[in-house]
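Below, all heavy atoms of this structure are taken into account, side chains as well, without hydrogens, waters or symmetry copies.
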Amino acid sequence: MATRFVFALVALIAAPLAFAQFPSRPVHILVTIPPGGAPDIVARVVGEKISQRLGQPVVVDNKPAANGNAAAAEVARAAPDGHTLLLAADSLITINPHVYSSMPIDPLKDLTPISSLVSNQFVLSINPALAPQTFPEFIEYARKANPPLAYASGGNGSQHQLTMEMLKERAGFDMIHVPYKGGAPATAATMSGEVAALFSGTASAPQIRAGRIRALAVAGAKRSPTFPDLPTIGEFYPGFENSIWLGLFGPAGMPEDVLNRLRTEVQRALEAPEVKTSLLGKGSLETLILSPQEFDALIRRDYDKYGKLIRKLGIKAD
């Protein structure tokens, strides 16, 4: 009887110690798009920095399926020990539940918000072979196009699509939606002329600067520090604004010590000057450092905002 008691006591002590030893093996960050887009850039820049502090490799796994739902479900099913994480754009958490009739998980219940990471403006860009040189010229060009122009997005129900649908409704023109698996292939399609236009994150800055796509306006509330000469769409249509954020998530039920360790190391990484410089240089991404409470509030706010918009526009991804 005494022996059984000792074994039971050892088991109780060992369980929390297993989590206290985090990380005990490589940490995997699942990214919901192919290499090249903003989430991939952030995962690699931040992952490299936190791996130095954690003492374990951080492996980036690109899994661009089902508009992020597959990667989110894989993380939600993983052991909540901090070794399997999800780097997601806000669309996965705040938009997908409204556009899919069936979701493999409930992102608000089955995932743990770990940390906000970066914010990013959307840039309206077009194929440079098209005639419009300015935002107003493009609006008139799109209104007169017959058949309607095609535009690319990072997937059905993505922020790229919603932002263009908001503009279509506000400016009074039509375009045909062509979804791709992420922002990078959508940008490539616009460069090649497969489609006429897209809203992309400022990760497309190198393509804009090289003249491979022509930027006309930004969708944020204020002008972009990356492209200060570009007007905001709100300068023409007051109140128009839409921006994106990226965050790090884990499975539900993560122990507080693991969660706090990850939050501490991620915040240290985001505060590092070399990380800020790298994110701005590679993707024109601005670090977004929020408290856990502020990050939770941002998620809830956008979940409600996009739910109302999607119901109004009647967008469905399946």
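For D61, the side-chain hydrogen bond (donor to acceptor under 3.5 Å, both in side chains) partners at least two apart in sequence or on another chain are H28.
A side-chain N or O of H177 and one of S153 form a donor-acceptor pair less than 3.5 Å apart. N242 and T163 form a side-chain donor-acceptor contact under 3.5 Å, judged by distance and modelled atom types alone.
Side-chain contact between V42 and L285: present, with at least one pair of heavy atoms (C-beta onward) separated by less than 4.5 Å. Within the 4.5 Å cutoff, the side chain of I95 has heavy atoms near those of the I310 side chain. Using a 4.5 Å cut-off on side-chain heavy atoms (C-beta onward), P64 and T32 make no contact. Looking at heavy atoms from C-beta onward, N127 lies out of side-chain contact with I213 at the 4.5 angstrom threshold.
Pairs engaging residues 39-86 under the ring-ring contact (aromatic ring centres under 6.0 Å, His included) rule: F22-H83 [sequence neighbours left out]. Within the structure, the ring-ring contact (aromatic ring centres under 6.0 Å, His included) test picks out the following pairs touching residues 268-308 (sequence neighbours left out): H98-Y303, W245-F295, F249-F295.
Using a 4.0 Å cut-off between charged side-chain N and carboxylate O, E286 and K276 make no salt bridge. Looking at D296 and R301, no side-chain N of the basic residue comes within less than 4.0 Å of a carboxylate O on the acidic one, giving no salt bridge. For the pair R261 and E265, the salt-bridge criterion is met [side-chain N within less than 4.0 Å of a carboxylate O].
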Worksheet entry | Derivation and outcome, side chain to side chain contact (heavy atoms under 4.5 Å, CB included), residues I29 and V58 | CA-CA 7 Å; I29 298 179; V58 173; 3.5 Å; yes
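Enclosure of atom NZ in K168 by more than 12 non-hydrogen atoms of other residues, nucleotides or ligands within 6.0 angstrom is indicated. For NZ of K312, the number of neighbouring non-hydrogen atoms (other residues, nucleotides, ligands) closer than 6.0 Å is 12 at most.
By the rule that hydrophobic residues join a cluster once side-chain heavy atoms approach within less than 4.5 Å of another member, M175 and F199 end up as members of one cluster. Linking ILVMFWY residues whenever their side-chain heavy atoms come closer than 4.5 Å, directly or via other members, places L162 and L149 in the same cluster. L290 and I50 are not part of a single hydrophobic cluster, where members link through side-chain heavy atoms under 4.5 Å apart.
The structure places CG of L279 at 9.5 Å from CG of L246, a figure rounded to the nearest 0.5 Å.
P185 and K181 make their closest contact through CG-O, 3.4 Å (heavy atoms, listed as atom of the first residue, atom of the second, distance).
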